[in-house]
Structure formats: C-alpha cells, structure tokens
Number of protein chains: 2
Amino acid sequence: MSPRIGLDLPAILQAAVEIADARGLEEVTLASLAQKLDVRSPSLYNHVNGLSGLRSKLAVHGLEQLLHVMTQAVVGRSGDDAVRELGKAYVAFARAHPGLYDATLRAPDPEDAEVRRLAGETVDLVVRALQAYELKDEAALHAVRGLRSLLHGFSSLEQRGGFGMPLDLDVSFRLLLDTFLAGLHEMKRRAKAESKRD
Amino acid sequence: MSPRIGLDLPAILQAAVEIADARGLEEVTLASLAQKLDVRSPSLYNHVNGLSGLRSKLAVHGLEQLLHVMTQAVVGRSGDDAVRELGKAYVAFARAHPGLYDATLRAPDPEDAEVRRLAGETVDLVVRALQAYELKDEAALHAVRGLRSLLHGFSSLEQRGGFGMPLDLDVSFRLLLDTFLAGLHEMKRRAKAESKRD
DNA sequence: TATAATAACTAATACCATTAGTTTTTGCAA
DNA sequence: TTGCAAAAACTAATGGTATTAGTTATTATA
C-alpha cells in the first residue's frame, strides 16, 4: 500500500516554496521536502532531477511569478508612474517570497534555456516601461541594468538585515526610486541639449 | 610528530578566502579547508567555532577590508568625485574578492557586535562622503541606503551572471552612478526651492 | 625538570544526497 | 476481463559533510 501517494511536480514546488519562504532557501533539502510531503527522499527523484534539478525548477517558477507581477504592475501605465509601480511590485514580491526570490538568483545554471527566455522577457518588459525617457537603444539597456541593480540591491539588503539603522524602509525605497527617476530625466535633458548643440 | 603544525587564525582565514574567491563561498567547508591546510577537520575547532564560527570571522574580515578600500577611496575627495571613487572601489573589491564579498553579506548572525560596529563605521564614512549634497540628517541616511543598494545590486548581479546582455559592464556602472548623482543634485535643488518658497 | 595547557589526532555519530535494486500500483492493450 | 509494461513509491547501501568525545604529543611555564 505504498506507491501512488499523489505526488506531482506542482505539489513538490509548492512545498519547496513554503519551506524556502518560511525558513530560507538553504533549508530546502530533499530530506526536509520529503518529510513535509510524507515521502522518502529517493521518491523525489521520480519527479525532479535531484537537488540541483529542484533548484532549477524553483528558479524558473520564481522568475515566472516575478515577471507576472511586474507585467501586471506596468499595464496601462507609462513614465515615472510605470517605473514606480514596477519597482513597488518587485520589492513586494521579494518581501512576500524571500526564499523564492532568492532562488531566482541562484539558478544552478544561468545558461539554462528557460531561465534565459524569462530573463529576456523581463528585460523587454522593462525596456518598454522606460520608453518615455527616449533613451536610444544601448542607453535603454544600461538603464534597465541600473534599475534592476537598484531593485535587487534594495531587496537583497532588506532581506539580509543589511540595513541596521532604525529608519523607515519604505521611505528609503521611495526616495531611492525618486532619485533614480530624477536622474533619468536629467540625463534625458542633457542628451537633448547635446543633440541640439551639434 | 603531529601536534603544532603551525596553524593559526590568520592562516586559516587566508586559506578560506582563497577557496571562497576561487570556487565560491559554498565550497568553503571544514573538509575542503582542512585539506588545503593539510590537517584533519576536527583540528580546526581549536581555532574556530565550527563552520558558522568560520563564516562569522570571514564576514568580519571581509567587512574590514571593504571598509579599508572605501576609506582609501574617499580621502581627500568630496562631492561627485568622492562618491564615484567610493563606488569604483566597492565594485572593484567585489570583483577582486567575489567569495569574500559574498561572505560579508551572509554573516550567520547580523546582530554580531563586531559586524554591527563595522557596518556603523561604514555608514559614517559614506555619510561624510555625501556631505556636499547638504542632505539633512535623515535624508542623508536614506541616501546612504540608496547608494549601498545600487552598489550591492550591481555587484551581486554582475557576479551571478545576472546581466545576460552583451553590453559593457563598466559603462553600465558609470551611467548608473551618473544617474544617481544627477538625481541627488536634482533633489538638492528641489529642497532648496522648497525652503525658499516657505 | 615536572606539569599543565594547547593543538594536533582517531573514532564515532548523525544528517545529507545519491544510486541500485525491489515492490506495488495503475493504465492500456489484447 | 486479464495480463503486462511503465510509473512511482519503497529499502538498503555508499560517500560526503559537520560535530563531539576522548587520546596523544608538544610546548611553555612554574
């Protein structure tokens, strides 16, 4: 009376996400996962290619959700409004799913096709959100990197307790985004002046 | 002919840093470290409180070095120049010591007294570097958080290969810093206009 | 010179991932 | 309906990890 307990990939991922978010990504082991699912750990190999396979699936799963909330955040918006909502959605996701967010950045293989596809789609989304700033091709990509750096940096430090000071985190974040946007406008202004002078 | 091989804390830390930078922080195990030092792993317990003790020491060691290079970068400078050099030093350190940099952010106990002391000193240093922007008390601390977010985010993503696009990383970084600084100036201008209007 | 502290060691335990081989259930084809 | 193959669980075994207990040799000091 043992086989066919009803294990499948979605159930495994959900359990893994719960452990990751509640106890940290390092606590997601085949042993802890098997215990939560009331199964022996070798059984998991029928659904997932070991621990590294599980981590890959987790990374993809997280990237999909992150892309989804970011997409929802920007639809129907443009300019500063779009970027602000995008940023808020990013940070909110990292706060709601600290372990899963962590997983998106520790894919065992960053060259994984699925991971690259999702990364590409995310870049495209952010490029569109930045259209209002009239950055020309390469500049837009640099800006995407910058925005992502700032969003990830803030989220990562917030999670690791890297901000020791007793200061409102939401205010810090809003000011950071405001500063970046003001900088973007200023860069746009300078570029205009530059092209007019030529 | 076994005791007194000549093991001490500095030698242990150096070996740990070498492994971390060359193979990644996860590869720093008591086993790998013992092998590199030509010793049995239980011997390490005479110098370090297990793996978590080693990680704490590594974190402190990394923070000390990071603070040092940042201090060297800002002496005798002010304003944009100081911030730019500070940023370059931060990223250069993360590039030169990826594993050690990683260790600074994964201290087993962020409440550790030594860690907090170094974090505080670092904040003070950056606050001084930002003096030129005339941010009033709280605003200065928010700006420190912002700058740190952006520096850490860029470094972290760069290390994890999170930037898929074939685009010059140094250019991205320079533009990010320029945008942030332009934003800082703009915020200062707005604050001035605000206070004049009252 | 004797003794106590120190720093190495060996041995043993517990937990983890992984593989091999086994058993039971399910689904499908005859 | 029956039989068989694939799938999904299992047990057992291996090797790697941290850690603790207890031992031995060296060093420093009284």
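Values in this document were obtained by computation on a predicted structure and should not be read as measured data. Each chain gets a letter, A, B and so on, in the order its sequence line appears, and its residues count up from 1.
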How many whole angstroms separate atom [atom1] of [X] from atom [atom2] of [N]?
X        : N       : atom1 : atom2 : answer
Glu27(A) : dA17(C) : CD    : P     : 11 Å
Asp38(B) : dA8(C)  : CG    : P     : 12 Å
Asp8(B)  : dT26(D) : CG    : P     : 20 Å
Arg55(B) : dT19(D) : CZ    : C1'   : 14 Å
Leu33(B) : dT19(D) : CG    : P     : 12 Å
Asn49(B) : dT20(D) : CG    : P     : 8 Å
Leu7(B)  : dA25(D) : CG    : C1'   : 16 Å
Glu26(A) : dA18(D) : CD    : P     : 16 Å

Contacts of Glu186(A) that satisfy side-chain hydrogen bond (donor to acceptor under 3.5 Å, both in side chains) - sequence neighbours left out: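 Checked Glu186(A) against side-chain hydrogen bond (donor to acceptor under 3.5 Å, both in side chains); matches are Arg189(A), Arg190(A).
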Regarding Gly53(A), tell me which of base, sugar-phosphate or nothing describes its non-hydrogen contacts under 4.0 Å with the strands shown.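 No contact.
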Can you tell me how far CZ of Arg148(A) sits from OG of Ser156(B), rounded to the nearest 0.5 angstrom?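 These two atoms lie 9.0 Å from each other.
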His152(B) vs His152(A) aromatic rings, parallel, tilted or perpendicular, using cut-offs 30° and 60°?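 Rings of His152(B) and His152(A): tilted, as their planes differ by 30° to 60°.
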Output the single nucleotide from [options] whose closest atom is nearest the side chain of [X].
X        : options                  : answer
Arg40(A) : dC10(D), dA9(D), dT20(D) : dC10(D)
Leu51(B) : dC9(C), dA18(D), dC10(D) : dA18(D)
His47(B) : dT18(C), dT10(C), dA7(C) : dA7(C)

Under 3.5 Å, is there a donor-acceptor pair between the side chain of Ser32(B) and the main chain of Glu27(B)?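 At least one qualifying donor-acceptor pair exists.
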To 10°, what angle do the rotation axes through the five end pairs on each side of the helix from dT1(C)-dA30(D) to dA30(C)-dT1(D) form?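 Overall, the helix from dT1(C)-dA30(D) to dA30(C)-dT1(D) bends by 10° from one end axis to the other.
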Do Tyr90(A) and Phe173(A) make the cut of ring centroids closer than 6.0 angstrom?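 Between Phe173(A) and Tyr90(A), which both carry aromatic rings, the centre distance is not below 6.0 Å.
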Is the closest side-chain donor-acceptor distance between His185(A) and Asp80(A) under 3.5 Å?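 Indeed, the side chains of His185(A) and Asp80(A) share at least one donor-acceptor pair under 3.5 Å.
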Is there any side-chain hydrogen bond (donor to acceptor under 3.5 Å, both in side chains) pair reaching into residues 34-52 of chain B, and which pairs are they, with sequence neighbours excluded?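 Listed once each, the pairs are Glu18(B)-Lys36(B).
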Can you find a donor-acceptor pair, distance only, under 3.5 Å between Asn46(A) side chain and dA7(D) base?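 Side chain to base: no pair below 3.5 Å.
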dA7(C) phosphate, OP1 or OP2, under 4.0 Å from Ser43(B) side-chain N/O: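 Answer is no, no contact under 4.0 Å.
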Can you check whether Tyr45(A) has a side-chain N or O nearer than 4.0 Å to OP1 or OP2 of dT19(C)?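 Answer is no, no contact under 4.0 Å.
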